[in-house]
K.L.:
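Sharing a structure, written as structure tokens. Questions coming.
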Amino acid sequence: MKVALGVAITRLLTSHALRDSRRLLAVLARRWRGGKATVHYFHQADDPYSHLLVQVLPAVLANYRVTLQVHLVPPPDAAAAPERERLQAWSRRDAAQLASHLGLTFVDRGEQPTPGLLALAERALAAALDDADVLTRVCAIGGALWSRDETALRALATASDPAAPAAQLAAGSHRRARGGHYLGAMLWFDGEWFWGVDRLPHLQRRLVELGLGLVANAPPVLPQREVQCRVKPRNGVRPQLHFYCSLRSPYTYLAVPRMRQLAEHYGADLCLRPVLPMAMRGLPVPLAKRLYIVRDCKREADRLGLPFGRIADPLGAPTERGLAVLFKAMEQHRDASEFLESFMRGVFAEGIDAGSESGLLRLAQRAGLDQALVQAALADDGWRVEAEANRSEMFALGLWGVPSFRVDGQPIQWGQDRLWLIERDLIAATSAAG
């Protein structure tokens, strides 16, 4: 009964009918108030993704009939952003590589800005929020902060009220929480959240749907980068494609089909590195974060043409049982990735209870695994040692979350949004060409 109720709730939460109703109500409320279409932007001074996003927002305003309201926010709390130092280090590295590919500016100096520089930047930002050219000023402040230009920051902060940042941060945090979010670099429009440059294409599509484009057939402000598999390997090398995955991660589910596609196309050995979910490693996920992830994954699944939304949450025993079968399939040199895809589709799109005997067996059998293997797997607890070893390896590489990937000894990448970078590494490893 509990599983069936959970499936029904998530099916409703991710339904197009509910989404469309929420959108319609937001539009009607805006029109009733006589207000303009307004995008709210939540800027976190020491967040690299915020610095990237603010550089492209002028192009959004130039292409769409919207106004922009900027809010200053503090970092998320520890519950929403565990492993803060690792998150900061990854964000800087990731932002630097994104900047190089997107024609933006960000330099990772290997550490966060000092508290003193951050305080100056926040003072300058608090004064800039009422400026007519707020984006230019915010971008300049970010550039000075990340380049450690104390002189420039002091000049930018000179006219500001020392007490203003605390008030602005509190107001921005309150508004962000009221809308149901927790991160910086967030855009909010008509009740929907869009994170950073990665989700900007979704916002643009929504603005076009509403007829808010200023230029007919205007190209996206930023391209939607995705796996292509258009070039062919040339050198006969068979690279190793490492995949750190969790059976409770919906983003892992979104990545699995493309990981299998990449491995097949480039002739790579797909090396699965399953780990326990964060919630089963003592890292709870707050409700606001869970809700955003489910809705964001539905949006991404629609884009990728994947079913999603009938979720039978595999937290606890279902995940453990699934990991037992997954590791046993790997041990017996079966196509474990086929079971991984079957399991993930079952629990995130089909509402199959992997904690039941019939549910797990169904997920295994359609992946070509028989009942004998399932029974042997459930009687073998050895997978726990291997899962912990994978977690330790992932941590040693600088990450703590999934899905994460790397090709041979190349730098690790995190998130299904970075699979295009993994394809880049596969192309280099195999000398692939058109």
Side-chain angles (χ1 to χ4, degrees), residues 76 78-94 97 108 110-112 239-256 259 262-263 268-285 289 293 314-334 336-337 339-340 343-344 354 377-419 421-422 425-426 429:
E83 300 289 343
R84 188 175 301 277
E85 289 186 4
R86 292 178 186 274
L87 174 61
Q88 291 171 337
W90 162 256
S91 298
R92 293 193 307 269
R93 179 167 80 82
D94 187 44
Q97 67 181 355
D108 177 14
E111 60 182 5
Q112 289 293 107
Q240 287 192 318
L241 178 52
H242 301 272
F243 184 12
Y244 299 87
C245 53
S246 160
L247 298 188
R248 200 196 177 216
S249 162
Y251 290 116
T252 292
Y253 164 57
L254 298 182
V256 170
M259 285 294 285
L262 286 169
D269 290 324
L270 183 54
C271 306
L272 300 182
R273 300 283 187 260
V275 300
L276 279 171
M278 287 200 301
M280 296 171 66
R281 290 187 269 131
L283 299 172
V285 183
K289 187 173 183 178
I293 287 174
L315 180 65
T319 283
E320 292 180 337
R321 290 158 59 83
L323 284 172
V325 174
L326 184 60
F327 276 104
K328 185 61 69 175
M330 293 163 59
E331 177 188 305
Q332 295 190 5
H333 304 290
R334 309 288 286 274
S337 69
F339 172 72
L340 176 62
F343 185 97
M344 302 302 281
L378 296 179
D380 183 356
D381 216 28
W383 64 267
R384 296 182 185 275
V385 175
E386 296 183 65
E388 173 57 22
N390 291 338
R391 185 205 64 80
S392 297
E393 181 177 277
M394 182 173 66
F395 269 57
L397 291 167
L399 288 178
W400 68 102
V402 297
S404 297
F405 334 87
R406 65 186 174 96
V407 176
D408 293 331
Q410 293 300 309
I412 193 169
Q413 301 290 344
W414 180 29
Q416 60 97 22
D417 298 300
R418 299 294 174 264
L419 284 176
L421 288 171
I422 291 299
D425 290 344
L426 286 169

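Side-chain atoms are counted along with the backbone in the values below, which use heavy atoms only and exclude waters and symmetry mates. In this chain, numbering begins with 1 at the start of the sequence shown.
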K.L.:
Going through the distances and angles, do Gln112 and Arg92 end up as a side-chain contact (heavy atoms from CB on, under 4.5 Å)?
P.N.:
CA-CA 8 Å; Gln112 289 293 107; Arg92 293 193 307 269; 2.9 Å; yes

K.L.:
CG of Leu272 to CZ of Phe339: how many Å apart, nearest 0.5 Å?
P.N.:
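Reported value, rounded in 0.5 Å steps: 11.5 Å.
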
K.L.:
How about Thr252 and Phe243: do any of their side-chain heavy atoms sit closer than 4.5 Å?
P.N.:
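They are in side-chain contact.
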
K.L.:
For a quick test of reading the model, state the closest non-hydrogen atom pair linking Gly401 to Met394 and the distance between them.
P.N.:
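Nearest heavy atoms, Gly401 then Met394: O-SD, 3.6 Å.
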
K.L.:
Are any of the side-chain nitrogens in Arg384 or Glu320 under 4.0 Å away from the carboxylate oxygens of its partner?
P.N.:
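A salt bridge links Arg384 with Glu320.
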
K.L.:
Does Val275 reach the side chain of Leu323, with side-chain heavy atoms less than 4.5 Å apart?
P.N.:
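Side-chain contact under 4.5 Å: no.
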
K.L.:
Measure the CG-CD distance between Leu426 and Gln240 for me, rounded to the nearest 0.5 Å.
P.N.:
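So the gap between those two atoms works out to 12.0 Å.
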
K.L.:
Taking only residues two or more places apart in sequence, or in another chain, which ones meet Trp383 in a ring pair (Phe, Tyr, Trp, His ring centres under 6.0 Å)?
P.N.:
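Scan of Trp383 (ring pair (Phe, Tyr, Trp, His ring centres under 6.0 Å), adjacent residues dropped) gives none.
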
K.L.:
Using 0.5 Å steps for rounding, measure from the CZ atom of Arg248 to the CE atom of Met278.
P.N.:
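Rounded to the nearest 0.5 Å, the CZ-CE separation comes out at 9.5 Å.
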
K.L.:
Say whether, by atom type as modelled, one donor and one acceptor occur between the side chain of Arg93 and the main chain of Asp108 under 3.5 angstrom.
P.N.:
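Such a contact is absent between Arg93 side chain and Asp108 backbone.
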
K.L.:
Look up atom CZ in Phe405 and atom CG in Leu419, then write down how far apart they are to the nearest 0.5 Å.
P.N.:
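One gets 4.0 Å once the value is rounded to the nearest 0.5 Å.
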
K.L.:
Any side-chain to backbone donor/acceptor pair from Arg86 onto Phe395? Under 3.5 Å, distance only.
P.N.:
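Yes, because the side chain of Arg86 sits within donor-acceptor range (under 3.5 Å) of the backbone of Phe395.
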
K.L.:
Any side-chain to backbone donor/acceptor pair from Asn390 onto Pro274? Under 3.5 Å, distance only.
P.N.:
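Present.
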
K.L.:
Rounded to the nearest 0.5 Å, how far apart are CG of Leu241 and CD1 of Ile422?
P.N.:
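The CG atom of Leu241 sits 6.5 Å away from the CD1 atom of Ile422.
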
K.L.:
So which heavy atom on Ala429 is nearest to which on Val407, and how close?
P.N.:
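Smallest heavy-atom distance, with atoms named: CB-CG1, 4.3 Å.
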
K.L.:
For the backbone of Asp408 and the side chain of Arg406, can you confirm whether one donor and one acceptor N or O come within less than 3.5 Å of each other?
P.N.:
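Flag set: sc Arg406 to bb Asp408 pair under 3.5 Å.
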
K.L.:
Provide the closest heavy-atom pair for Gln416 versus Ala255 in the form atom of the first, atom of the second, distance.
P.N.:
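Closest pair (atom of Gln416, atom of Ala255, distance): CB-CB, 4.0 Å.
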
K.L.:
Would you indicate whether the side-chain heavy atoms of Arg391 and Leu276 approach each other to under 4.5 Å?
P.N.:
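No, too far: nothing below the 4.5 Å cut-off.
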
K.L.:
With a 4.5 Å limit on heavy-atom distance, are the side chains of Leu326 and Phe343 in contact?
P.N.:
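No - every pair of side-chain heavy atoms lies 4.5 Å or more apart.
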
K.L.:
Minimum heavy-atom separation for Phe327 to Ala387, with atom names?
P.N.:
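Nearest pair, atom of Phe327 first, then Ala387: CZ-N, 3.8 Å.
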
K.L.:
Compare every heavy atom of Pro314 with every heavy atom of Thr319, then report the nearest pair and how far apart it is.
P.N.:
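Nearest heavy atoms, Thr319 then Pro314: OG1-O, 2.7 Å.
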
K.L.:
Which heavy atom in Ser246 sits nearest to a heavy atom in Met344, and how many Å separate them?
P.N.:
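Scanning both residues, the minimum pair turns out to be O-CE, 3.4 Å.
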
K.L.:
Find the distance between CH2 (Trp414) and CH2 (Trp400) and round it off to the nearest 0.5 Å.
P.N.:
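Between atom CH2 of Trp414 and atom CH2 of Trp400 there are 4.0 Å.
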
K.L.:
Check whether any side-chain N or O of Arg418 sits under 3.5 Å from a backbone N or O of Ile412 as a donor-acceptor pair, and report yes or no.
P.N.:
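Absent.
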
